[in-house]
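Computed over heavy atoms, backbone and side chain alike; hydrogens, waters and symmetry mates excluded. Here is the naming used below: chain letters follow the sequence lines, and residue numbers restart at 1 for every chain. Here the structure is a predicted model, which is why all the values come from computation and not from measurement.
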2 protein chains.
Amino acid sequence: MTTVNALSEVAALMGDPARASMLSLLMDGRAHTASELALTAGVTAQTASGHLSRMVEANLLAARAQGRNRFYRLASSDVAHAIESLMALAGTRAAPASLHAAWRRDPDLRFCRTCYDHLAGQVGIAVTDALTKAGHIEPKGPRDWTLTEPGELFCQRIGVDVPGARRAGSRHFARQCLDWSERRPHISGALGAAIADTFFSRGWAEKLRRSRTVRLTDSGRRAMGSHFGATLS
Amino acid sequence: MTTVNALSEVAALMGDPARASMLSLLMDGRAHTASELALTAGVTAQTASGHLSRMVEANLLAARAQGRNRFYRLASSDVAHAIESLMALAGTRAAPASLHAAWRRDPDLRFCRTCYDHLAGQVGIAVTDALTKAGHIEPKGPRDWTLTEPGELFCQRIGVDVPGARRAGSRHFARQCLDWSERRPHISGALGAAIADTFFSRGWAEKLRRSRTVRLTDSGRRAMGSHFGATLS
DNA sequence: CTGATGGTTCGGCACCGGCCGAACTATTGG
DNA sequence: CCAATAGTTCGGCCGGTGCCGAACCATCAG
């Protein structure tokens, strides 16, 4: 009963095209201003303002005032995860042919992107697969992983701040997040974020402006081979 | 762009209270009739019918007609996953399956009964699940199974007359029949009947008079364990 | 202080979509 | 063949909500 209402309320919030556009943009994990979000949603500022306050009210978004701007971001990685799950569903919808075309249209996004604050797409999957294959992470429960002792050493070696990730409050440490383009779980949670940080700080990857797309640098490609034993198409 | 629309469309479907109620009920993984879903959603049959066809259209649900009922179930585990993610956002856990009054009224019938000439109820489901899990039968088409080579040997070993079943005229050989109490498919058709015959002729089960209820004998319970690897409540 | 920019609140309009009554089809059982 | 039950389609009503114009705060630059 109550859970039903909660489900419909949350889903209804995501079900409006304008709000869905905003959420999509915010999937890059960054904070965006209200006017920026209004622009991408194709509505006026006052309409966007209404949408945004409703989503903050429902704990989908978090807002932060800075100067005369207000920045909005996803409230938690759980929100990002739910959105990814819905996008995965959209992939199964009717007319697979036309949808395939949509995928082809954005191969870079499928190759590597941010999902909230961790890596997704083929690169995210490749990293996750490599960690699994090497025994660095092991499934624990239906939606989590544990970092094994060799995994801990490996992370230390490539410069992932594991202690920092463990300190990350009540956040899940190593979570499975369903990748909508690859349709398989990649690693998220505090550890997933720490790994992504490593990719960016070591210059293995860089965020493209105004997009969730991430470009893997040449040194990033070499790192994928040497550290993760992965060959990317 | 395309992915945004897809996101909002899927979310909007889940965002209606009536549809959310239906999806919540279907989270038990079983198939439910249209009228049952209408009842729990608190809408009339015609309204429910509209909702259901829209969700089938969007590949959220799968429908199957049987007799004069239409059974609806979640189209895939991905759908269940997405719903659970949304529920997690609201901090509420998915409610456990609600028990139907009919189940409590006749637990024996629910445990084991004949469905025309084959076994149904928990035992029918357990047999079917065991055959599936062991790779003895495999789904073929929307409503049939094929008997694999190991399955053929297994049947021969426990004394199921497979050649006789194959000879059974124009009748379907191995058919999926939706179980009324378990709401999941069990095996019917000529092979299902032959399996039931084996249960009766080997003294594993016996029909109760003036009833569809079937009693599993002690040797039947042992057989369920040894041949089918199933533990029954 | 004044003007400019970013953001929110308010009020009213217009449209979408959920709902039901009524009528119709299909299956089952007697 | 008829009655009962399950389900769908059609048409029209009505409420919720997304939208914008206008007015109203807040911050910053000069």
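- Between B/Arg54 and B/Glu9, no side-chain nitrogen of the basic residue sits less than 4.0 Å from a carboxylate oxygen of the acidic one, so the salt-bridge criterion is not met.
- For the OP1/OP2 pair of D/dG7 and a distance below 4.0 Å, the side-chain nitrogens and oxygens of B/Ser35 include at least one atom meeting the criterion.
- The side chain of A/Asp16 approaches D/dC19 more closely than any other nucleotide in the set D/dT9, C/dT8, D/dC19.
- Going from atom OH of B/Tyr72 over to atom P of D/dA6 covers 14 Å, rounded to whole Å.
- Residues A/Thr44 and A/Ala38 share a closest heavy-atom pair of O-CB, 4.1 Å.
- Judged as a side-chain hydrogen bond (donor to acceptor under 3.5 Å, both in side chains), not a single pair has a partner in residues 195-204 of chain A (not counting sequence neighbours).
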Which pairs, protein N/O on one side and nucleotides 20-24 of chain D N/O on the other, fall under 3.5 Å?
| residue | atom | partner | partner atom | Å |
| --- | --- | --- | --- | --- |
| D/dC20 | OP2 | A/Thr44 | N | 3.2 |
| D/dC20 | OP2 | A/Thr44 | OG1 | 3.1 |
| D/dC20 | OP2 | A/Thr47 | OG1 | 3.0 |
| D/dG21 | N7 | A/Gln46 | NE2 | 2.5 |

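- In this structure, CG of A/Leu52 is placed 13 Å from C1' of C/dG6, rounded to the nearest angstrom.
- Look at CD on A/Glu57: it is 17 Å from C1' on D/dT17, rounded to the nearest Å.
- In this structure, B/Arg64 fails the cation-pi test against B/Phe71, since its NZ or CZ atom is not both closer than 6.0 Å to the six-membered ring centre and inside 45 degrees of the ring normal.
- The CE atom of B/Met55 sits 13 Å away from the C1' atom of C/dG18 (whole-angstrom rounding).
- Nucleic acid contact for B/Ser53: none, since no nucleic acid atom lies under 4.0 Å from a heavy atom of the residue.
- Within the 4.0 angstrom heavy-atom criterion, only backbone atoms of the sugar-phosphate kind lie near A/Ala34; the bases stay farther away.
- Looking at residues two or more places apart in sequence or on another chain, you find a salt bridge (Lys or Arg N to Asp or Glu O under 4.0 Å) between A/Arg215 and A/Glu206.
- For the residue pair A/Ser21 / A/Ser24, no side-chain donor-acceptor distance below 3.5 Å is found, with atom types taken as modelled.
- In this model, the phosphate group of D/dT17 is not approached by any side-chain N or O of A/His51 to a distance below 4.0 Å at OP1 or OP2.
- A donor-acceptor contact shorter than 3.5 Å links the side chain of B/Thr128 to the backbone of B/Ile187.
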Name the pairs: protein N/O against N/O of nucleotides 25-30 of chain C, kept only if under 3.5 Å.
| residue | atom | partner | partner atom | Å |
| --- | --- | --- | --- | --- |
| C/dT27 | O2 | B/Arg68 | NH1 | 3.4 |

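- The shortest distance between the side-chain N/O atoms of A/Arg70 and the OP1/OP2 oxygens of C/dG6 is not below 4.0 Å.
- One distance of note links NE2 of B/His51 with CE of B/Met22; it measures 5.5 Å at 0.5 Å rounding.
- Rounded to whole angstrom, the span from the CZ atom of B/Arg54 across to the P atom of D/dT8 amounts to 15 Å.
- Salt bridge present: A/Glu84 and A/Arg212 bring a charged side-chain N and a carboxylate O closer than 4.0 Å.
- B/Ala82 and A/Ser85 make their closest contact through CA-CB, 3.8 Å (heavy atoms, listed as atom of the first residue, atom of the second, distance).
- The distance between atom CG of B/Leu39 and atom P of D/dA6, rounded to the nearest whole Å, is 12 Å.
- When the C1' atom of C/dT8 is taken as reference, atom CG of A/Leu37 falls 15 Å away, rounded to whole Å.
- Mapping A/Gly50 and A/Asn69 onto DNA chain C via the closest heavy atom, the residue that lands nearer the 5' end is A/Asn69.
- B/Asp129 pairs by the salt bridge (Lys or Arg N to Asp or Glu O under 4.0 Å) definition with B/Arg184, not counting sequence neighbours.
- If one axis is set at each end of the helix from C/dC1-D/dG30 to C/dG30-D/dC1 from five pairs, those axes are 30° apart, to 10°.
- Residues A/Met55 and A/Leu23 form a side-chain contact, since some pair of their non-hydrogen atoms from C-beta on lies under 4.5 Å apart.
- Taking atom CZ on A/Arg64 and atom C1' on D/dA26, their separation rounds to 18 Å, with Å as the unit.
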